[in-house]
Amino acid sequence: MKTLAITGVTRGLGRAMVEEFIRLGHIVLGCGRSEQDLADLRRCFGKPHEFDPVDVASDEQVQAWAKRLFKSHAAPDLVLNNAAVINSNAPLWNVSSEEFGRVIDVNIKGVASVIRHFVPEMIERGSGLVVNFSSGWGRSTDSEVAPYCATKWAIEGLTQALAQELPAGLAAIALNPGIINTDMLRSCFGGSASTYPSAEQWARKAVPFLLELGPKHNGQSLTVS
Ligand SMILES: NC(=O)c1ccc[n+]([C@@H]2O[C@H](COP(=O)([O-])OP(=O)(O)OC[C@H]3O[C@@H](n4cnc5c(N)ncnc54)[C@H](OP(=O)(O)O)[C@@H]3O)[C@@H](O)[C@H]2O)c1
């Protein structure tokens, strides 16, 4: 039985992973922003699972979340940095500074905050994996999603550098989940998103894949295929 900390559990891949990890007997410590979806998760899955309101763009909120969790749970075996946002489709010169900043704050600084407040406990325990959700757009690019691409390329670099820093027994992995029909995909692909698998279908292969990862994967850029 493993303990997983997952960001962005209220919808999409995060929500589907919660259901699948719990179905397989694991403990999920999840966060997101939508209070209503978090309440629904708490109704569906009681203790020892935890679902807390956290905006990962706030280092203070992430720190408070980690402190709260460590009062009653050991350091997680896996930290899944899944939460992210995408800019509305537009050429870069039409993306406002505010929207660009928000994508950076959630997708890069949010991941760094989770690492800042969870990894020291994992180092103390001597084991644990950090999986940072990247994208096909962390390894290639497309028009109208430049801010998102910039953040996912950053995640690839940040993960490789982190992998060089972690002590033996720990690992950092960048994961491209593939292409899945979620709110995020509908935002950038429009109607054609419906031709891709659902988050639930994806979770049935992604969760066993994640459970197989270990220290030997440190520094790798992997894809759920
Ligand atoms: N779907 C795809 O095809 C695809 C492809 C490549 C990569 N990815 C990556 O896979 C991950 C999941 O994507 P998805 O498709 O499931 O996206 P999604 O459907 O838009 O869901 C994103 C999740 O992140 C949460 N979130 C957003 N901002 C947050 C914040 N500031 N603090 C905490 N939680 C936050 C959202 O919940 P709240 O709004 O309640 O906070 C939601 O639960 C992302 O990293 C994405 O970049 C997805």
Side-chain angles (χ1 to χ4, degrees), residues 5-20 28-42 51-66 79-89 99 101-114 117 130-142 145 147-156 158-159 173-190 192-203 205-207 209-210 221-225:
I6 312 179
T7 63
V9 292
T10 56
R11 293 180 278 119
L13 308 189
R15 169 81 200 213
M17 285 192 288
V18 167
E19 305 219 358
E20 192 59 11
V28 174
L29 315 173
C31 81
R33 290 169 309 168
S34 159
E35 293 279 2
Q36 201 182 324
D37 292 329
L38 291 165
D40 180 57
L41 280 162
R42 278 184 223 110
F51 302 100
D52 290 313
V54 179
D55 181 343
V56 295
S58 160
D59 186 67
E60 293 74 24
Q61 289 187 32
V62 174
Q63 181 175 35
W65 180 44
V79 172
L80 305 181
N81 272 309
N82 165 74
V85 292
I86 194 164
N87 59 287
S88 299
N89 287 5
E99 184 175 19
R102 185 68 190 160
V103 179
I104 299 277
D105 285 351
V106 176
N107 295 10
I108 304 178
K109 292 169 74 177
V111 170
S113 290
V114 171
H117 298 298
V130 178
V131 178
N132 295 328
F133 276 57
S134 177
S135 172
W137 286 335
R139 300 165 194 172
S140 68
T141 56
D142 227 323
V145 285
Y148 178 81
C149 289
T151 63
K152 294 301 182 176
W153 282 69
I155 285 302
E156 294 280 339
L158 176 152
T159 305
I173 293 144
L175 183 75
N176 169 12
I179 306 181
I180 309 97
N181 182 14
T182 63
D183 289 347
M184 183 179 285
L185 196 73
R186 287 186 282 279
S187 157
C188 52
F189 274 29
S192 68
S194 63
T195 59
Y196 291 91
S198 69
E200 293 70 28
Q201 287 169 318
W202 172 85
K205 62 180 177 175
V207 162
F209 178 88
L210 286 164
S221 290
L222 302 175
T223 302
V224 179
S225 51

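Each ligand, and each atom within it, is numbered from 1 in the order the structure gives. Computation of the quantities below employed the complete heavy-atom set of this structure, encompassing side-chain atoms and omitting hydrogens, waters and symmetry-equivalent molecules.
For atom 45 (O) of ligand 1, the closest non-hydrogen atom of the protein is N82 O, 2.7 Å. Nearest protein neighbour of atom 43 (O) of ligand 1, counting heavy atoms only, is T10 OG1, 2.8 Å. Of the protein's non-hydrogen atoms, M184 CB, 3.5 Å is the one closest to atom 17 (O) of ligand 1. Here the protein heavy atom with the shortest distance to atom 14 (P) of ligand 1 is T182 OG1, 3.7 Å. Here the protein heavy atom with the shortest distance to atom 29 (C) of ligand 1 is R33 NE, 3.4 Å. Nearest protein neighbour of atom 7 (C) of ligand 1, counting heavy atoms only, is S134 O, 3.2 Å. Nearest protein neighbour of atom 31 (N) of ligand 1, counting heavy atoms only, is D55 OD1, 2.8 Å. Annotation: atom 26 (N) of ligand 1 to nearest protein heavy atom, A83 CB, 3.9 Å.
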Given the rule in the side chain to side chain contact (heavy atoms under 4.5 Å, CB included) test, do D59 and H117 qualify, once you have shown the distances and angles that lead to the verdict?
CA-CA 9 Å; D59 186 67; H117 298 298; 3.0 Å; yes

Step-by-step side chain to side chain contact (heavy atoms under 4.5 Å, CB included) determination, L210 to L175:
CA-CA 9 Å; L210 286 164; L175 183 75; 3.9 Å; yes

With side chain to side chain contact (heavy atoms under 4.5 Å, CB included) as the criterion, how do R139 and S221 come out once you've worked through the C-alpha distance, each side chain's angles and the decisive distance to 0.1 Å?
CA-CA 9 Å; R139 300 165 194 172; S221 290; 3.5 Å; yes

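Residue contacts with ligand 1 include K152, since one of its heavy atoms falls under 4.0 Å from the ligand. Residue E35 places every heavy atom at 4.0 Å or more from ligand 1. Ligand 1 lies out of reach of D37, whose nearest heavy atom is not under 4.0 Å from it.
Taking only non-hydrogen atoms, the option from G138, C188, G136, G8 nearest to atom 24 (O) of ligand 1 is G8. Closest to atom 4 (C) of ligand 1 by heavy atom, among A16, G178, G30, is G178. When F133, W137, Y148 are ranked by how near their heavy atoms come to atom 47 (O) of ligand 1, first place goes to Y148. When the heavy atoms of A84, G110, P177, G14 are ranked by distance to atom 22 (C) of ligand 1, first place goes to A84.
Separation of atoms CD1 (I173) and OG (S134) is listed at 13.0 Å; rounding is to 0.5 Å. A distance of 11.0 Å separates OG1 of T151 from CH2 of W137, quoted to the nearest 0.5 Å. The structure places CG of N89 at 6.0 Å from OG of S187, a figure rounded to the nearest 0.5 Å.
Between K152 and F133, the shortest heavy-atom contact is NZ-O, 2.8 Å. Between E156 and G138, the shortest heavy-atom distance links the atoms CG-O, 3.4 Å. Taking all atoms of both residues into account, the shortest heavy-atom contact from C149 to D142 is SG-N, 4.0 Å. Looking at every heavy atom in both residues, D52 comes nearest to R42 through CA-NH2, 4.5 Å. Closest heavy-atom contact between E35 and P53: OE2-CB, 3.6 Å.
Ligand-side atoms of ligand 1 in range of I179: 3 (O), range being under 4.0 angstrom from any heavy atom. Which parts of ligand 1 touch S135 is read off a 4.0 Å heavy-atom cut-off, strictly below it: atoms 6 (C), 7 (C). Atoms of ligand 1 lying under 4.0 Å from at least one heavy atom of L185, given by number and element, are 3 (O). Ligand 1 places these atoms under 4.0 Å from at least one heavy atom of V54: 32 (N), 33 (C). Counting the atoms of ligand 1 from 1 in the order shown, those under 4.0 Å from a heavy atom of G12 are 16 (O), 19 (O). Every atom of ligand 1 is numbered from 1 in the order shown, and the set under 4.0 Å from a heavy atom of D183 is 19 (O).
When the options N82, I6, V18, L80 are evaluated for a side-chain contact (heavy atoms from CB on, under 4.5 Å) with L13, the one that passes is N82. Remark: of the listed residues L185, D183, V145, V145 is the sole one forming a side-chain contact (heavy atoms from CB on, under 4.5 Å) with I86. Across D40, D37, T182, a single residue satisfies side chain to side chain donor-acceptor pair (under 3.5 Å) together with R15, and that is D40.
Contacts between V106 and ligand 1, counted as non-hydrogen atom pairs separated by less than 4.0 Å, involve the side chain only. The part of R102 lying near ligand 1 is the side chain, judged by heavy-atom distances below 4.0 Å.
Here's the thing with S34: one of its N/O atoms is less than 3.5 angstrom from an N/O atom of ligand 1. The N/O atoms of C31, backbone and side chain alike, include none that comes under 3.5 Å of an N/O atom in ligand 1. The shortest N or O to N or O distance between V85 and ligand 1 is not under 3.5 Å.
One finds a salt bridge joining R102 and D55 here, because a Lys/Arg side-chain nitrogen approaches an Asp/Glu carboxylate oxygen to under 4.0 Å.
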